Each structure stands twice: as C-alpha cells, then as structure tokens.
Amino acid sequence: MVFKQILFLFSAGILLAVANFALNPKRVAWDPAQLREGEIRLSTAFEMAAQHQIVWLDARSQAEYAAGHIPGAFLLNEDDWDTLLFEFLNNWDGESPIVVYCGSGGCQASHMVAARLREELGFDEISVLHGGWGAWEEANP
Amino acid sequence: MIQGWIKWTLLLAAAGLFFYAGIIKIWDPVSFMRSVETYRLFPHHLALLAVYFVPALEVVCAVGLLLPCTRRGAWWVLTTLMLSFIILVAVSWARGLDIHCGCFKPSQEPSSYIWLFVRDFGILGMLLFLGFHQKLMSLKEVSS
C-alpha cells in the first residue's frame, strides 16, 4: 500500500521535474562547460582588458589568495565582506568593469560575490570568469 | 474534535511548508543549483537531477500529504527527505563549508548552521509527531 503510494508520488515528481526542465525559461545548463548567466570566458576578459581597464576580484579564501592570484586582483569574499569591500572600494575608480573569479568552474563564490555586488553597488558591469582561477592557471602555466 | 483541529493544523502547516519550499525552487532552478553546488558533494549531472527532482517531489508530496489516499506515502518520502537534509547539513558543517541552503529562498549569504539545525529538526519533529500519532495521521483509516 505505502510502496504503491510512494511509487505514484515518485512518478508524479518525475513528470513535474521533466516538465519544469522542458518548459522553465530559467534552465540549468546540461553541459557544465556551457557559459552560465553573467559568465565570460578568459579570452573575452582579455579582449575587455585590451580596450579599457578591468578590475579583477578574487572571491576565494584569504589563504588561497595568498598562495596565488591574478596580478592586481583584489580579495573580496564573504568571510570578511565589510572590511574587504571597504578596501576594494577605496581602490576602485567606480567605472571600470569588474570580473570576479573563484577556484574553478564548479565553485559558486564568484557568482555569490557578483550578485551581492550588483545588489549593494547598483553597478551592472560585473562578470564572472568561467572556469575561475583554474582557467587562469591553465592559460598562464 | 480537538484532535481534528490539531491534525489539520499540523497537516496544513507541513504541506504548506513543503509546497512553498518546492515551488520557489521550481520557479528558479538556476539559483537553487548555485545553492546545491555550495555543498561541493555532487558532480554536475547529479546536482542537476537533484535540482529538478527534489523540489518536484516536495510539491507532489505536500499535496499528497493532504489526500487520504497518498498521505502515508507522502509522509514517508518527506520524513526521509528531512533526514537526508539534516545529514547533508551535518556533513557540510563537519567539512567546514559555507553553504547556501536555498531551502526557502534564493540567498546570496551563507546560511547559519545553528538556524538550519533548529529549523530542520523542528520540521522533522512535526512530521514525526504526525506519523507516530495514528489518530492524528489517520493511518488506520488510510491503510484499511
């Protein structure tokens, strides 16, 4: 009896999940290599940097930042948000586009920091580096 | 009479909670995916499955909890889900991760572990209370 109920509920859940995946415009990419909303590739960041100054923000931990970071990048993570944001704002011209990165393609810190910055600064030219620090290291061994 | 009120208040509270939690994640799977990835436990495709299937199951079981014909099944599924959430949070806590629960709203800030445990154990307690009080849950009626 209970088993049949559970089977029925699972079947209904699968149907709803498939319908959501097929119909919802906010769809999660099936391929992790695909760019997500707000992400740019390293090549695009280089093209942007060639045209005008961009600011790199490192959303990883203090220890990871200390071990190595993109030259000129500022540290900004959620461990010590207020202090790090204050330091960053003192060094930012208020106009240069911002590119945030974290450890790898799977990390979320860069997306979180970018979303929080957009919300708190009301500044839209904030991108996330696809592949993060891993992509940078691969391109600059 | 009093038991009837208690039963329906608890059933409606539990059903409403899971329905709401499921709907907001169904509405914005991208935000929920970001939350799931903060647990750093699942490969992409498994996380993708969880992002679409778990909220759907929450919504279906929330409705199922209100229907006598599916109440017991929905109770088992939701109770198992809650236990899984608690284990997942405990594992993340032990690993020292900053997780974004994503349970009831898309969030940009790390969730507080203490608050997560209090809330999850509260919901689990409500479900267990319903499940172990046969008159409240009307298990006999349903299974007969």
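Chain identifiers are assigned alphabetically (A, B, ...) following the order of the sequence lines, protein sequences preceding nucleic acid strands; residue numbering begins at 1 within each chain. Bear in mind the structure is a predicted one, so any value in this text is a computation, not a measurement.
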*Is chain B contacted by the side chain of A/N20, its backbone, both, or neither, given a heavy-atom distance below 4.5 Å?*
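It is both, since atoms from each part get that close.
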_Region of A/F3 that comes under 4.5 Å of a non-hydrogen atom in chain B_ =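 Neither; nothing under 4.5 Å.
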Rounded distance (nearest 0.5 Å) linking atom [atom1] of [X] with atom [atom2] of [Y]:
| X | Y | atom1 | atom2 | result |
| --- | --- | --- | --- | --- |
| B/S31 | A/H111 | OG | NE2 | 11.0 Å |
| A/L9 | B/W76 | CG | CH2 | 14.0 Å |
| A/I14 | B/F53 | CD1 | CZ | 5.0 Å |
| B/C69 | A/M1 | SG | CE | 7.5 Å |

*Is any side-chain heavy atom of B/I26 closer than 4.5 Å to a side-chain heavy atom of A/L16?*
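SC-SC contact between B/I26 and A/L16 confirmed.
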*Does a side-chain heavy-atom distance below 4.5 Å link A/V2 with B/W75?*
no
_Could you report the tightest heavy-atom contact between B/P29 and A/N24, atom names first, then the distance?_
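Between these two residues, the closest heavy atoms are CD-ND2, 3.4 Å.
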*Shortest non-hydrogen contact from A/Q5 to B/R71?*
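For A/Q5 and B/R71, the tightest heavy-atom pair comes out as OE1-N, 3.8 Å.
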Would you say [Y] ends up clustered with [X] if hydrophobic residues are merged whenever their side chains have heavy atoms under 4.5 Å apart, either directly or through other cluster members?
| X | Y | result |
| --- | --- | --- |
| A/F88 | A/V128 | no |
| B/V118 | B/M126 | no |
| B/I87 | B/F85 | no |
| A/L35 | A/V113 | no |
| B/I114 | B/F117 | no |

*Pick one of side chain, backbone, both or neither for B/V59, based on which atoms fall under 4.5 Å of a heavy atom in chain A.*
side chain
*Which bit of B/V30 comes within less than 4.5 Å of chain A, counting heavy atoms only: side chain, backbone, both or neither?*
both
*Which one of B/P55, B/A56, B/A74, B/G64 has the most heavy-atom pairs closer than 4.5 Å to chain A?*
B/A56
_More than 12 heavy atoms of other groups within 6.0 Å of A/W81 CH2_ =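 Buried by this count: over 12 neighbours within 6.0 Å.
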*Which of parallel (below 30°), tilted (30 to 60°) and perpendicular (above 60°) describes A/F21 and B/Y52?*
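Because their plane-to-plane angle is over 60°, the rings of A/F21 and B/Y52 count as perpendicular.
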